[in-house]
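Just so you know, these numbers use all the heavy atoms, side chains as well, and skip hydrogens, waters and symmetry mates.
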Amino acid sequence: MNVTINRDELISLVQDFIRIDSVNPYLDEDGPGEKAIAAFIRERLEAAGLEVHVTPINDTAVNVVGILRGTGGGQSLMLNGHMDTVSAKRMEIPPFEPTVVDNKIYGRGSQDMKGSLGAMIAAVEAIAQAKVPLAGDVILTFVADEEYKSIGTEELLKAYKADAAICCEPSDLAIGVVHRGFAWVKCEVLGKAAHGSRPAEGIDAIVRAGRVLQELERLSDRLAQGPAHPILGAASVHASLIQGGTELSTYPDYCRIDWERRTLPGETEADVASEIEELLQKLRAEDESFQASAELTFLREPFEVGLDEPVYIALQAACKSVMGKIPEVCGFSGWTDAALLQEAGIPTVLFGPVGAGLHAAVEYVEVDSLVDMSAILVETICDFCR
């Protein structure tokens with residue numbers, strides 16, 4: 001198989017991606033979303049001879065799908081990557097002026113995950129140029145909004161399926177097989193408004209919200225000591241936002257706390273809902289006048305895939321072929337679109353380059369790892385889709 005990755009062209013492609021501001025507008029009101037980078041990707045895929053489909057989702061969000069068609073009868077493989085990034089406003093380096101220093105490409109999205117987008121395209125372009133015969137389809141999916149609510153992959157799965165998928169999030173060239181889920185909870189605590197000089201007439205909702213915070217701390221301690229996943233460790237919970245009160249001289253009649261619960265494989269939405277109700281029931285039992293309610297406002301399931309899946313086996317063999325060693329197995333502390341792909345019945349693994357600075361003030365991706373990643377994707381595709 002005579003398929004090679006052009007290092008300089010890959011660097012240039014990743015730099016082109018970084019120059020395009022694709023900050024998610026739900027995370028930064030000045031973010032333009034994915035339209036510009038989607039247009040760039042569309043042109044690139046069409047030039048490579050792929051079948052290309054563009055799906056607008058809203059005013060700023062859009063998906064791009066490129067398909068390298070096989071001859072038929074083989075397994076199809078999806079490569080998934082998101083085009084959006086988090087805000088670049090607090091970066092310590094020029095976010096959209098990519099520089100290459102000591103084998104590292106710097107800029108917003110370099111690691112998360114425009115480096116991966118470049119490696120995905122480079123791999124499929126190399127296969128197409130070498131005219132490698134494939135039986136199965138290769139489906140490149142460039143999706144919107146992963147950094148917020150993943151409406152891109154949700155929309156994608158309405159129209160596209162595959163026999164397996166690789167979600168190309170940065171994994172330091174290890175194979176990711178598991179990650180946590182999360183639930184967002186809104187809790188409203190009620191009090192009674194009164195003049196600040198008349199304590200007998202008022203009930204302080206903010207002070208009473210402190211009881212909820214104490215219970216969250218106890219829950220956090222229990223989770224830390226409870227059953228742990230062999231890769232991910234323990235589940236967790238933290239208070240994220242709090243708001244309440246109207247003015248200094250008034251007893252507040254309302255306080256809202258939002259918290260996040262990070263879940264492990266095996267934990268369900270029903271488990272989290274029951275946990276919330278038990279917390280509030282305890283506080284009501286201790287004080288009949290305590291008034292509060294809570295609800296799950298958003299939830300994403302955890303992800304885990306078996307090591308016997310053909311896509312894992314093919315990717316592991318490709319890593320060994322390119323790097324000369326069996327890759328490590330890893331878990332992700334954060335959530336990814338892999339969970340949606342797996343939930344849709346597509347066996348999925350996570351695999352991406354080496355770098356640092358996800359969502360941070362300085363972000364980079366290592367060039368050597370991008371070249372290796374692209375070569376590994378080539379071998380995986382040629383094996384899985386043959």
Please check this pair: side chain of [X] against backbone of [Y], looking for a donor-acceptor N/O pair closer than 3.5 Å.
| X | Y | answer |
| --- | --- | --- |
| Ser374 | Ala119 | yes |
| Thr297 | Trp184 | yes |
| Ser274 | Asp271 | no |
| Ser76 | Asp163 | yes |
| Arg386 | Asp383 | yes |
| Arg284 | Ala292 | yes |
| Asp16 | Ile18 | no |
| Arg261 | Ile276 | no |
| Ser369 | Pro353 | no |

Return yes if a side-chain donor-acceptor contact under 3.5 Å exists between [X] and [Y], otherwise no.
| X | Y | result |
| --- | --- | --- |
| Asn63 | Thr55 | no |
| Arg7 | Ser12 | no |
| Thr250 | Glu247 | yes |

Who are the side chain to side chain donor-acceptor pair (under 3.5 Å) partners of [X], not counting sequence neighbours?
| X | result |
| --- | --- |
| Asp258 | Arg256 |
| Gln15 | none |
| Tyr254 | Glu188 |
| Asp253 | none |

**Prompt:** What ring-ring contact (aromatic ring centres under 6.0 Å, His included) pairs are there with at least one residue in residues 76-126, not counting sequence neighbours?
**Reply:**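 Pairs touching residues 76-126 that pass the test: Tyr106-Tyr364.
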Atom pairs and distances, side-chain donor-acceptor, residues 31-47, under 3.5 Å, sequence neighbours left out:
unit_1	atom_1	unit_2	atom_2	d
Glu34	OE2	Asp145	N	3.0
Lys35	NZ	Asp59	O	3.0
Arg42	NE	Glu46	OE2	3.2
Arg44	NE	Glu125	OE2	2.7
Arg44	NH2	Glu125	OE1	3.1

All N/O donor-acceptor pairs, side-chain side in residues 341-349, below 3.5 Å, sequence neighbours left out:
unit_1	atom_1	unit_2	atom_2	d
Gln342	OE1	Thr348	N	3.0
Gln342	NE2	Glu304	O	3.0
Thr348	OG1	Ile346	O	2.7

Can I get a per-line list of side-chain donor-acceptor pairs under 3.5 Å for residues 130-142, giving both atom names and the distance, sequence neighbours left out?
unit_1	atom_1	unit_2	atom_2	d
Asp137	OD1	Gly70	N	2.8
Asp137	OD2	Arg69	NH1	2.7
Thr141	OG1	Leu79	O	3.1
Thr141	OG1	Asn80	ND2	3.2

With [X] via salt bridge (charged side-chain N to carboxylate O under 4.0 Å, His left out) - residues at least two apart:
| X | result |
| --- | --- |
| Glu288 | none |
| Glu147 | none |
| Glu301 | none |

Salt bridge or not between [X] and [Y]? Use side-chain N to carboxylate O under 4.0 Å.
| X | Y | result |
| --- | --- | --- |
| Arg19 | Glu97 | no |
| Lys89 | Asp30 | yes |
| Lys104 | Glu366 | no |

TODO: Cation-pi check, Lys149 to Phe298: give yes when NZ or CZ is under 6.0 Å from the six-membered ring centre and within 45° of the ring axis, no otherwise.
DONE: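 That pair qualifies as a cation-pi contact.
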Parallel, tilted or perpendicular for Phe182 and Trp335, by the 30°/60° rule?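 If you compare the ring of Phe182 with that of Trp335, the planes turn out perpendicular.
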List the atom of Glu146, the atom of Thr336, and the distance in Å for their closest heavy-atom pair.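 Result for this residue pair: OE2-CA, 3.6 Å.
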Looking only at non-hydrogen atoms, find the nearest pair between Phe384 and Gln75 and report the distance.
->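 Smallest heavy-atom distance, with atoms named: O-NE2, 3.3 Å.
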Do any pairs count as a side chain to side chain donor-acceptor pair (under 3.5 Å) and have a residue in residues 317-330, sequence neighbours left out, and if so which ones?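 Non-adjacent pairs meeting side chain to side chain donor-acceptor pair (under 3.5 Å): Ser321-Glu379.
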| request: Treat each ILVMFWY residue as a node, draw an edge where side-chain heavy atoms are under 4.5 Å apart, and state whether Val272 and Leu232 are in one component. | output: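 Result: no, two separate clusters.
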